[in-house]
Amino acid sequence: MKMKKLLAGVLSAAMVATMIPASMAFSSVSAEVPEAVATYDLTTDAGREGWVAGGAAANIATDENGVTFSNGYVGQNQNYSIANPLNGKATNGFSVALTVTVPAGTYVNAYESMFNFNGVDNVDTDGVFSVSGNGGGVHYNDWNANFWDITSGTAVDLTAGSIFILTVDVDNNMNLYSNGVLVNSFNQGNIVATGTVEDVVNYVNDMMYFSLGAAPAVWGQPAMTVSAVSFYSSALSDQDVASLGAYEPPVVEPG
């Protein structure tokens, strides 16, 4: 069964206008989205090159739909990782866009990790910056009594599929978008912290790994399928996000 999905971060405005149904179209489309630092089409072997499954790797499947995580709950450590494409490139802010679907009826809470940046050896030494599995918050923990959580955001329904985007600017203003729509916006005032509040941009700029799914040795991850991931070395604008489009449900080709 062949399936098609909209690939986050690689479409021009013209392509978006051509491919997205009228019901998904955006009224405001910028002329050009900044070039991605890296884009991975996880529906192909070539797009998955360099990625490594960790933790409960037996619960991670790769096929023409992308990377699928099962048994998502707190304590189920499984991740799919690659060397951080934004290492040394995120000094002016950054953005991450991924095409993701969470199965209906799956238990997802604010501490499960959809994706995260983590330390120099991909284990529990240098901390983690994580976006929650329910799309409603972000977390930071350096394992040295410095940690903070933003769980005040609205949970996002990802069951119909989403191009889900995180943007962080140089002042650590964080925006979360789903299918081109701003769903949560955070700043230092949202942080409930213990210890030092880490500068997110500097942290991500220094970290060596990016992981889909659980942070190494902590929390869990939602059961989900991720078919594409793109990285940008700036905080995308509302217009940039709109230009990347909306998730297009898979279409089964005849034959």
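Keep in mind that what you see is a predicted model, and the values were worked out from it rather than measured.
- With N109 contributing its side chain and E112 its backbone, the two residues share a donor-acceptor pair below 3.5 Å.
- Here the side chain of S132 pairs a donor or acceptor atom with the backbone of G137 at under 3.5 angstrom.
- N175 CG to N184 CG: the interatomic distance, rounded to the nearest 0.5 Å, is 9.0 Å.
- We find the CD-OG distance between Q221 and S130 to be 10.5 Å, quoted to the nearest 0.5 Å.
- With hydrogens and angles disregarded, no donor-acceptor distance shorter than 3.5 Å links the side chain of R48 to the backbone of Y40.
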Does the side chain to side chain contact (heavy atoms under 4.5 Å, CB included) test come out yes or no for Y209 and N116, once each step is laid out?
CA-CA 8 Å; Y209 289 91; N116 64 84; over 6 Å; no
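- For the pairing with F94, the side-chain contact (heavy atoms from CB on, under 4.5 Å) check across D169, N205, L166 returns one residue only, L166.
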Passes side chain to side chain contact (heavy atoms under 4.5 Å, CB included), V168 versus V204? Steps please.
CA-CA 10 Å; V168 183; V204 167; over 6 Å; no
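- The aromatic rings of F117 and F129 lie parallel to each other, their planes meeting at an angle below 30°, with 60° marking the opposite boundary.
- Side-chain atoms of Y203 come within 3.5 Å of backbone N or O of V128 as a donor-acceptor pair.
- Side chain of T39 to backbone of S230: no donor-acceptor contact under 3.5 angstrom is found.
- Here F210 and F115 bring their ring centres to under 6.0 angstrom of each other.
- Remark: the backbone N or O of G213 is paired with a side-chain donor or acceptor of S113 at under 3.5 angstrom.
- Formation of a donor-acceptor pair under 3.5 Å by the S70 side chain with backbone atoms of A223 is not found in this model.
- The two residues G133 and V108 make their nearest non-hydrogen contact at C-CG1, 3.4 Å.
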Report the C-alpha separation of D240 and S237 in whole Å, then their side-chain angles, then the decisive distance to 0.1 Å, and conclude whether the side chain to side chain donor-acceptor pair (under 3.5 Å) test is met.
CA-CA 5 Å; D240 292 333; S237 68; 3.1 Å; yes
Check against side chain to side chain contact (heavy atoms under 4.5 Å, CB included), W51 and T62:
CA-CA 11 Å; W51 291 80; T62 57; over 6 Å; no
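- Panel note: side chain N187, backbone M174; no donor-acceptor pair is recorded below 3.5 Å.
- D171 CG to D199 CG: the interatomic distance, rounded to the nearest 0.5 Å, is 9.5 Å.
- In this structure, the side chain of D149 does not engage the main chain of T151 through any donor-acceptor pair within 3.5 Å.
- The backbone N or O of A155 lies less than 3.5 Å from no partner atom in the side chain of N134, so there is not a single donor-acceptor pair.
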V156/S162 under side chain to side chain contact (heavy atoms under 4.5 Å, CB included): CA gap, chis, key distance, verdict:
CA-CA 10 Å; V156 181; S162 172; 5.7 Å; no
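- Atom OG1 of T167 is separated from atom CG of L236 by 7.0 Å, given to the nearest 0.5 angstrom.
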Does N79 form a side chain to side chain donor-acceptor pair (under 3.5 Å) with S81? I'd like the steps, not just the answer.
CA-CA 6 Å; N79 53 74; S81 303; 3.2 Å; yes
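- One distance of note links CE of M208 with CD1 of I82; it measures 12.5 Å at 0.5 Å rounding.
- With F164 as reference, L158 is the one residue of V96, V226, L158 to meet the side-chain contact (heavy atoms from CB on, under 4.5 Å) rule.
- Annotation: the span from N179 atom CG to L244 atom CG amounts to 11.0 Å, rounded to 0.5 Å.
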